[in-house]
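Report on the following structure.
Naming convention: chains lettered A, B, ... in sequence-line order (proteins, then strands); numbering from 1 in each chain.
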Amino acid sequence: MNISKNSRAEMAGIFFILPNLITFTVFVIFPAISGFYLAFTDYSMLRTQSNFIGLENFKTIFSDFSSSSFLRSMLRTFVFTAIFVPVSFFFSLFLSVITTSETVKGKNFLRTLFYWPWILSPVIVALSWKWFLDIDAGFLNIMLEKIGMQPKRWLLEPNLAFFWVTVVNIWYVAGYFMVMFNAALTSIPQEVYDAASIDGANKWQRFWSITFPLLRPTSILVLVLSMIMAIRSFELVYVFTKGGPGNTTMFMVQKVYEVGFQDYKLGLAAAMSVVMFFVLLGLTLIQFRYMRQEE
Amino acid sequence: MKKTFFVVLLINIVLIFSAFVVGKDITFATFIDGPDLPVFQKQVAAYEKETGKDVELLVIPYADWKMKMIMMLQGGTPPDVARETDVVYLQDYALDLNPFIKQYTGMEPMEWLDTVTVYKSWFKTYSLEAGMIPAIPYTTDVFALFYNKELFRKAGIEVPTNGVWTIDQWYDAMLKLKQSGVRYPLVWDRSPSRFSWLLYTYGGGYWDETGTKIILDSKESVEAMEFFLKIHDENLVPQAVWISGDAPLKYFQNGLSAMYLSGTWMLPTFVEQLDFEWGAIPMPVKRERYTYSGGKLIVPLTEEGIELAFYLTNKENLAEISSALFLLPDRADMTEVTYENKMVQEANVVAMNDLLNTSPAAKKRQDFDWYNLKTAPVIQGNVSAITNMVVSVLTHEKTPEEAMKNLADQIRKEAGLQ
Amino acid sequence: MKKKHIVILINILVYIFALLYVLPIIWTIISSFRLEKDLFAYPPKLISEFTLKNYAKVIQTTDMLTYFKNSVIVTVSSTIITIIISLMAGYALAKIKFKSKNFFFTLFLSTLMIPLQVIMISIYFVLARIGWINTYWGLIIPPAATPTGVFLATQYIKSSIPTEVIESAKIDGANELKIFWRIIVPLCQPVIAALAVLSFTWRWNDYIWPLLVVSSPKYMTVQLGLALFSGEHTVQWGSLLAMTTLSMIPVMIVFLAFQKYFVEGITMGSIK
């Protein structure tokens, strides 16, 4: 009896994940594996033959620490991620609280406003902000001049550029995570709140000791997703600063892209992708383990 | 909710099936580079009528052109014909057109080769070395230094009519323009080849005239870079273009800049969008006079595409596309080109003159750098490194000597020269 | 009285914040109604002539209607598929106890870690082999499988649907499929709404995937059409802004339409 119950569960489980499984296998996993072997060759579109070169590509990657190197771009990506994840988490939580709060009127309208950036394609977001921050004709500098301050070279100074890249990325995704938090917040039954206010807890206490813990699954999801997003970020930043000034906003994926499609060094690009994949996998597993420990 | 769900699903299925198209016979891939699409559509339709074949026009955004081409080639589904700017990276995929030339053009291969390489001498060398003819030269465009006549008048500057400016004279003009109130006298395209122009005119470059040594860190090359750095530091050129990839046209278009270092491919855009009088200045000279002519080629990538390729490059169609885009057709028997638009004609004459007077030594180096089968790949494979090098100097991360020596060493290593 | 004032103050602050928040977008929309040369005028002008010229240009010179039609087809179809298969997978990963559950969960997670740019060439190869290049199939089906959708559904089902409901249904003799349709799906309204909105947005804004699959103007989506306005050295700002503004509208409509289903206080009354 036991055996057939388990195998029935197994069959059911597989059945329900089958559509996703097949699609992922065909369109992600299989291509990833077949591209994997390229990492061990010196394949380049500019050469007529490619040779197996073992770990040469990886040696090249790990021996280069110049500012345009893969390792440095990885470092920058980590710094960006370390800031992006917590800030976007709390900021989108904040937006969610505002848009589900009883005090605030016209919540639907507000939700739409905050979600608006996410509706735009990354390219449009980048172009709009570039323009907003344009040194000569951008809204921000115009206003600064009007109030008598010096216009700033927003995207030409490394620290400022990095700052804005982070801000714009957070601005872009906050609405997305807000929607997730909203779905979770609105599914907490009213009885829970009623019970707490009877006990005399005020709003702030109620939030942190009752609501927040109940948001745990969504919080985990948001943290994991935002970390993965940060590590993978490319399109927006590329259009926004092209990695500049210099290389100060060049993140990992941009480096891989340039090596593969501008320098045609597909073997080296594949090797970089392999490194990136394992880094990401490692980080995510660490994150999961940490979460599980907290439980 | 369930009901709407199914209704929507049904509508979708109907829409999908109503749009089913039978597979086309021949594909022609291109990117938009001015008002060329209507011309292609017209010529393709005429071809379809004449031959009864079906042609599908594939349009790919310029920024993703190389990427999409690489994908299609690697994936085994190349377009039958492509309008390309570069053949070096296609060397494994291009066909040899030698056997087909007599059939489609009535000329002997060598005669034909001479005819079509009137502006693309590198192509002749390339084909002879490779022992095959990989493409059909199509149109040529030339670097040009455009200027805003009204702003120049305001600053009281006269452009050279019978000679050329030296780099120093050009610099002085920039200072004068700045004094007269122009925000950024010059705006410069963010492109390795536009930058390389400066190297060549200073007597520098990447490979030397013999194609055996790298001269990227030579005295002359470094001097060129120092000049580039100087005009950026002094805000004579907007730093946002090279440092953060700002699109250059907007500066020239609205009078923020008085000069624009770009090329004749911009002419259709100028005609459509500029509302002031503009012209072209002969490219300034340091040690050697140099300008760069690049352009397009039609590359058939499958046997089915060969007929269409020759069709698009026959005299009639070539004339049509050239006059629509203000480009030079790649044929020796079509070099007498005049345009109705006065400003276009003037600019064209200046650019052609520059081309005729380019120093052979500089041209040799250029060919080794970008076109030679043996020496070009290492430069082409470092295009993003070149841009990075320039940007690192402009942001003062490295000195010109440092940055150029680093890249020169890297190129030497890759080329096996150490 | 004091409380009323605080409420008003909070609302004012929130609204000021919200309006500042979307300022860059408003700037984009306003700019789409100005002439290109006014946009870049120097000295810069904040206000200039109102014009519909950009919109006229977009409608007249581009295949905009085709792009919109394609985007709608692809987005709606893909969203429907996403909702169904994400809920299915979510149910399995959240509630069904099967041995390989963790393995598949990690597998799905790992697919998120491979950025598209990195495996593009291999994917194209696969697409070409199965003949999905320049087809709706290629545009709709692969992106419909989204790990994020699966996780969202998993987390929601895990936390909001108590196992007792399922257990009691099983005791009554229901099989997994019945449980899924009759119990799980109806209880998933908030996550269905969230998935609908999110998936619609993702598919509508997809650029790299359509670029991979499609080069024929017949199948191009709005985002691809937008990209055609940007050359290497020029950006046709006027047209770009107009088309951007237009392309925002469908997603806004969808978002507003599904707002109702984010109702507060959805009770989990089915336990009782």
Side-chain angles (χ1 to χ4, degrees), chain A residues 31 34-35 38 42-50 60 64 66-69 73 123 126-127 130-131 133-138 153-158 160-161 164-165 235 237-250 254-255 257-266 268-269, chain B residues 61 63-71 73-74 86 88-93 183-184 190 192 232 235 238-247 250-251 254 256-257 373 376-398 403 406-407 410 413-414:
Chain A
S34 66
L38 268 184
D42 62 357
Y43 185 68
S44 155
M45 284 285 287
L46 298 172
R47 295 207 191 157
T48 43
Q49 20 153 258
S50 77
T60 313
D64 183 10
S66 63
S67 82
S68 66
S69 69
S73 69
V123 173
L127 289 173
K130 260 185 90 138
W131 189 4
L133 298 172
D134 191 272
I135 297 176
D136 308 302
R153 304 169 1 133
W154 294 116
L155 296 178
L156 291 189
E157 316 229 348
L160 286 177
W164 282 112
V165 162
E235 251 181 298
V237 182
Y238 192 64
V239 175
F240 194 38
T241 60
K242 268 211 168 60
N247 295 305
T248 50
T249 58
M250 179 167 83
Q254 180 182 341
K255 179 69 187 167
Y257 177 80
E258 285 188 351
V259 168
F261 292 110
Q262 281 181 15
D263 295 342
Y264 309 117
K265 294 175 179 149
L266 295 170
L268 188 56
Chain B
D64 302 299
W65 173 263
K66 281 266 156 66
M67 182 187 79
K68 190 75 200 260
M69 281 296 286
I70 290 177
M71 277 200 298
L73 291 164
Q74 297 264 320
D86 176 25
V88 176
Y89 83 107
L90 292 172
Q91 63 189 58
D92 280 352
Y93 301 94
R183 184 105 178 210
Y184 302 107
R190 186 194 212 243
H232 275 85
N235 262 319
Q239 300 185 7
V241 172
W242 268 87
I243 296 184
S244 42
D246 222 7
K250 81 172 200 234
Y251 294 92
N254 61 67
L256 273 181
S257 284
L373 212 56
V378 73
I379 306 296
Q380 291 234 11
N382 276 296
V383 158
S384 62
I386 296 173
T387 309
N388 284 339
M389 170 194 76
V390 175
V391 175
S392 73
V393 171
L394 294 179
T395 55
H396 293 270
E397 190 193 326
K398 297 201 180 118
N406 282 347
L407 186 54
Q410 182 181 321
K413 184 158 163 232
E414 277 181 36

side-chain hydrogen bond (donor to acceptor under 3.5 Å, both in side chains) against A/Thr249, all qualifying residues, sequence neighbours excluded
A/Thr241

So, using side-chain hydrogen bond (donor to acceptor under 3.5 Å, both in side chains) as the criterion, who are the partners of B/Asn235 when residues are at least two apart?
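B/Asn235 satisfies side-chain hydrogen bond (donor to acceptor under 3.5 Å, both in side chains) with no other residue.
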
Once you measure the plane-to-plane angle for A/Tyr264 and B/Tyr89, does it fall in the parallel (<30°), tilted (30-60°) or perpendicular (>60°) bin?
parallel

Got a sec, which residues hit side chain to side chain contact (heavy atoms under 4.5 Å, CB included) with A/Lys265, two or more places apart in sequence or on another chain?
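Checked A/Lys265 against side chain to side chain contact (heavy atoms under 4.5 Å, CB included); matches are A/Val259, A/Asp263, A/Leu268, B/Asn382, B/Glu414.
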
Below 4.0 angstrom, N of the basic side chain to O of the carboxylate: do B/Asp246 and A/Lys242 qualify?
no

Of all of A/Ser66, A/Ala161, A/Gly243, A/Pro245, which one pairs up most often with chain B through heavy atoms under 4.5 Å apart?
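Among the listed options, the one with the most contacts to chain B is A/Pro245.
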
Report, by ascending residue number, the residues of residues 388-398 of chain B in heavy-atom contact with chain A at a distance under 4.5 Å; give 'none' if the set is empty.
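The residues closer than 4.5 Å to chain A, in numerical order, are B/Asn388, B/Val391, B/Thr395, B/Glu397.
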
Determine whether A/Met250 and A/Tyr238 make a side-chain contact, defined as any pair of heavy atoms from C-beta on separated by less than 4.5 Å.
no

Non-hydrogen atoms of chain B under 4.5 Å away: do they reach the side chain of A/Phe240, the backbone, both or neither?
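For A/Phe240, the backbone is the part near chain B, not the side chain.
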
Measuring from atom CG of B/Leu90 to atom CG of B/Leu73, what distance do you get when rounded to the nearest 0.5 angstrom?
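Reported to 0.5 Å precision, the distance equals 6.0 Å.
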
